[in-house]
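Everything quoted here is computed from the prediction, not taken from an experiment.
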Amino acid sequence: MNASMRGASFVRVALCGASPRPGISTTTSRQLRRALFTRAEPTPVRNFFINTVLIVGVGLGAYYVTDARSAFHRYFLVPVIRWTTDAETAHRFAIDAMKAGVYPVDRSADVEDPDLEVEVFGKKLSSPIGLAAGFDKNAEAIDPLFAMGFSYVEVGSITPKPQPGNPQPRFFRLPKDKAAINRYGFNSDGHLKVLARLRMRLHSFLTHNESTPVNHAFQEGKLLAVNLGKNKDGDEIADYVEGVKALGNYADLLVVNISSPNTPGLRDLQNEKKLGSLLSAVVVARDGLSTPHKPPICVKIAPDLSETEVVSIAEVVKRSGIDGVIVSNTTISRPESLKSPSSLANEIGGLSGPPVKDLSLKTLRTLRKHIGPSFTIVGCGGISTGKDAVAFAKAGASFFQVLTGFAYDGPGMPSRLRSEIKKELNGKKWMDIVNTEFE
């Protein structure tokens with residue numbers, strides 16, 4: 001009898017109780033069935049081994065999933081959320097999860113890397129990677145975002161009075177372009193609610209720490225910025241001045257947003273005369289703050305400006321006494337390179353993501369050319385890789401911000417960008433490549 005026949009015979013013994021051939025008794029058959037199908041009696045050693053394996057397995061799994069660098073987020077969780085929810089629901093879900101303490105952390109972010117350090121506004125950032133306004137609109141998830149590896153987090157835009165923004169739907173994904181279109185319209189909880197959150201955050205820090213915070217990020221090498229907007233029916237100067245007075249004492253940096261395409265008339269503030277009056281008023285309000293550390297002020301401009309308009313802004317900014325410019329916001333144009341169907345691409349609102357990169361870079365280069373080499377410019381618009389980031393640095397950006405790429409990539413994006421930037425630097429330091437296009 002060959003091996004396969006013997007195996008089959010023993011299976012019949014086990015299942016049917018029949019002896020396959022003379023010499024195997026019914027008792028032996030029962031013993032074989034018992035060995036195959038009877039559960040072994042638990043023993044202390046066996047239980048200890050099983051419990052240890054389970055605990056270690058669960059612990060390792062939890063450690064992996066709670067690390068922002070885990071491929072689980074980029075290749076499973078984020079795509080699942082994207083496939084099962086609309087864009088605004090996913091956005092709200094992410095903020096709510098962070099508020100509830102459910103978020104991964106970048107365990108490598110605290111490792112100092114001198115090659116990536118940035119000197120800006122008389123302060124130091126541990127890396128050039130920031131998060132743009134528009135994700136955490138109401139200052140609800142500041143510390144989770146820092147924990148994911150961002151060195152700079154900008155909350156807002158925040159308006160003086162609460163307002164709901166534009167009707168839904170107002171946020172659309174363009175997955176073929178890894179882009180998005182939004183027409184949120186400055187949906188905001190208003191100054192009072194945001195101020196309460198910032199105060200509670202400070203109170204919590206002081207309750208759990210004996211030392212005073214080094215800055216409003218509460219961490220060395222990181223900065224917290226507050227982006228200010230105006231109400232739909234608000235005053236084009238008074239709303240921003242009110243924002244400086246209400247929130248300036250709780251920010252490392254203030255941003256004057258005059259370039260969102262979703263608030264009627266807002267971009268008109270980029271006009272030379274109006275911009276000059278606005279920035280002068282904002283600087284006076286900033287200088288009157290009670291804090292001994294007056295926050296720097298940046299203005300955020302659009303990528304859709306002509307060269308003449310950019311030159312005009314450069315002249316106003318140099319005279320105004322503000323400290324920097326963020327280039328750029330979303331675009332109202334629709335580049336021919338878009339792959340998404342026109343039913344999506346033609347939605348009204350500001351387009352963000354990789355299709356905006358060339359426009360933003362062009363505006364940045366023009367501004368740098370006319371504003372001089374020492375004035376701080378922050379890059380923003382379509383940055384999704386280390387190569388993109390380095391291109392913005394060479395064109396004159398001291399550091400940069402991401403947003404749409406973060407939504408597509410997930411919490412591991414800061415870590416990935418650090419690795420890619422290091423590779424692109426090829427032994428140089430970040431600060432060594434800033435402005436090198438103009439040397």
From [X] [atom1] over to [Y] [atom2], what is the distance, rounded to the nearest 0.5 angstrom?
{"X": "Thr89", "Y": "Phe93", "atom1": "OG1", "atom2": "CZ", "value": "11.0 Å"}
{"X": "Leu228", "Y": "His191", "atom1": "CG", "atom2": "NE2", "value": "6.0 Å"}
{"X": "Ser343", "Y": "Phe172", "atom1": "OG", "atom2": "CZ", "value": "10.5 Å"}
{"X": "Ile181", "Y": "Asn262", "atom1": "CD1", "atom2": "CG", "value": "10.5 Å"}
{"X": "Ile371", "Y": "Leu367", "atom1": "CD1", "atom2": "CG", "value": "4.5 Å"}
{"X": "Lys245", "Y": "Ser290", "atom1": "NZ", "atom2": "OG", "value": "12.5 Å"}

Are [X] and [Y] close enough that some pair of their side-chain heavy atoms sits under 4.5 Å apart?
{"X": "Asp323", "Y": "Arg286", "value": "yes"}
{"X": "Val402", "Y": "Leu417", "value": "yes"}
{"X": "Cys298", "Y": "Phe121", "value": "yes"}
{"X": "Phe146", "Y": "Gln219", "value": "yes"}
{"X": "Asp136", "Y": "Leu145", "value": "yes"}
{"X": "Glu347", "Y": "Leu174", "value": "no"}
{"X": "Val299", "Y": "Ile326", "value": "no"}
{"X": "Val256", "Y": "Leu278", "value": "yes"}

- Once the angle between the rings of Trp430 and Phe400 is folded into 0 to 90°, is it parallel (under 30°), tilted (30 to 60°) or perpendicular (over 60°)?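 If you compare the ring of Trp430 with that of Phe400, the planes turn out tilted.
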- In terms of the angle between their ring planes, are Phe171 and His91 parallel, tilted or perpendicular, with boundaries placed at 30° and 60°?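 Aromatic pair Phe171/His91 classed perpendicular.
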Nearest atoms (heavy-atom pairs only) where [X] meets [Y]:
{"X": "Val120", "Y": "Ser398", "answer": "CG2-CB, 4.5 Å"}
{"X": "Val241", "Y": "Ala285", "answer": "CG1-CB, 3.9 Å"}
{"X": "His73", "Y": "Ala68", "answer": "CD2-O, 4.1 Å"}

Mark yes when over 12 heavy atoms from residues, nucleotides or ligands other than [X] sit less than 6.0 Å from its [atom1]; otherwise mark no.
{"X": "Lys423", "atom1": "NZ", "answer": "no"}
{"X": "Leu206", "atom1": "CG", "answer": "yes"}
{"X": "Lys123", "atom1": "NZ", "answer": "yes"}

Does the pair [X]/[Y] count as a salt bridge with the N-to-O cut at 4.0 Å?
{"X": "Lys230", "Y": "Asp235", "answer": "no"}
{"X": "Arg92", "Y": "Glu88", "answer": "no"}
{"X": "Asp287", "Y": "Lys294", "answer": "no"}
{"X": "Glu437", "Y": "Arg365", "answer": "yes"}
{"X": "Asp239", "Y": "Lys161", "answer": "no"}
{"X": "Glu307", "Y": "Lys362", "answer": "no"}
{"X": "Asp106", "Y": "Arg69", "answer": "yes"}
{"X": "Glu117", "Y": "Lys124", "answer": "yes"}
{"X": "Asp177", "Y": "Lys339", "answer": "no"}
{"X": "Asp113", "Y": "Lys422", "answer": "yes"}

Is a donor from one side chain sitting under 3.5 angstrom from an acceptor on the other, for [X] and [Y]?
{"X": "Thr330", "Y": "Ser352", "result": "no"}
{"X": "Ser188", "Y": "Gln163", "result": "no"}
{"X": "Thr291", "Y": "Asn249", "result": "no"}
{"X": "Arg418", "Y": "Ser108", "result": "yes"}
{"X": "Asn435", "Y": "Arg368", "result": "yes"}
{"X": "Ser333", "Y": "Thr331", "result": "yes"}
{"X": "Ser360", "Y": "Ser328", "result": "yes"}
{"X": "Glu154", "Y": "Gln401", "result": "yes"}
{"X": "Glu242", "Y": "Tyr240", "result": "no"}
{"X": "Ser127", "Y": "Ser151", "result": "yes"}
{"X": "Asn329", "Y": "Ser260", "result": "no"}

Judged by atom type as modelled, is there a donor-acceptor pair below 3.5 Å linking the side chain of [X] to the main-chain atoms of [Y]?
{"X": "Glu315", "Y": "Ser312", "value": "no"}
{"X": "Arg416", "Y": "Asp409", "value": "no"}
{"X": "Arg82", "Y": "Ala90", "value": "no"}
{"X": "Asn231", "Y": "Gly234", "value": "no"}
{"X": "Asn209", "Y": "Phe205", "value": "yes"}
{"X": "Asp388", "Y": "Thr385", "value": "yes"}
{"X": "Glu272", "Y": "Ile313", "value": "no"}
{"X": "Arg183", "Y": "Asn166", "value": "no"}
{"X": "Asn215", "Y": "Leu223", "value": "no"}
{"X": "Ser277", "Y": "Lys273", "value": "yes"}

- Report the C-alpha separation of Leu253 and Tyr152 in whole Å, then their side-chain angles, then the decisive distance to 0.1 Å, and conclude whether the side chain to side chain contact (heavy atoms under 4.5 Å, CB included) test is met. CA-CA 10 Å; Leu253 181 75; Tyr152 169 102; 3.2 Å; yes
- Message: Would Tyr250 and Leu202 count as a side chain to side chain contact (heavy atoms under 4.5 Å, CB included) here? Give the steps.
- Response: CA-CA 9 Å; Tyr250 297 89; Leu202 177 60; 4.1 Å; yes
- Between Phe218 and Arg201, is there a cation-pi geometry (under 6.0 Å to ring centre, at most 45° from the normal)?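 Yes.
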- Message: Check for me whether Lys137 meets the cation-pi criterion with Tyr184, that is, NZ or CZ under 6.0 Å from the six-membered ring centre and within 45 degrees of the ring axis.
- Response: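 Yes, a cation-pi geometry holds between Lys137 and Tyr184.
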- Task: Tell me whether the centres of the aromatic rings in Phe406 and Phe150 are closer together than 6.0 Å.
- Result: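 Phe406 vs Phe150: aromatic centres under 6.0 Å.
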- Checking side chain to side chain contact (heavy atoms under 4.5 Å, CB included) for the pair Ile332/Arg267: CA distance, chi angles, key distance, verdict? CA-CA 11 Å; Ile332 56 174; Arg267 287 192 168 188; 3.9 Å; yes
- Task: Evaluate side chain to side chain contact (heavy atoms under 4.5 Å, CB included) for Thr66 paired with Arg107, printing each intermediate quantity in order.
- Result: CA-CA 10 Å; Thr66 57; Arg107 297 189 177 95; 2.9 Å; yes
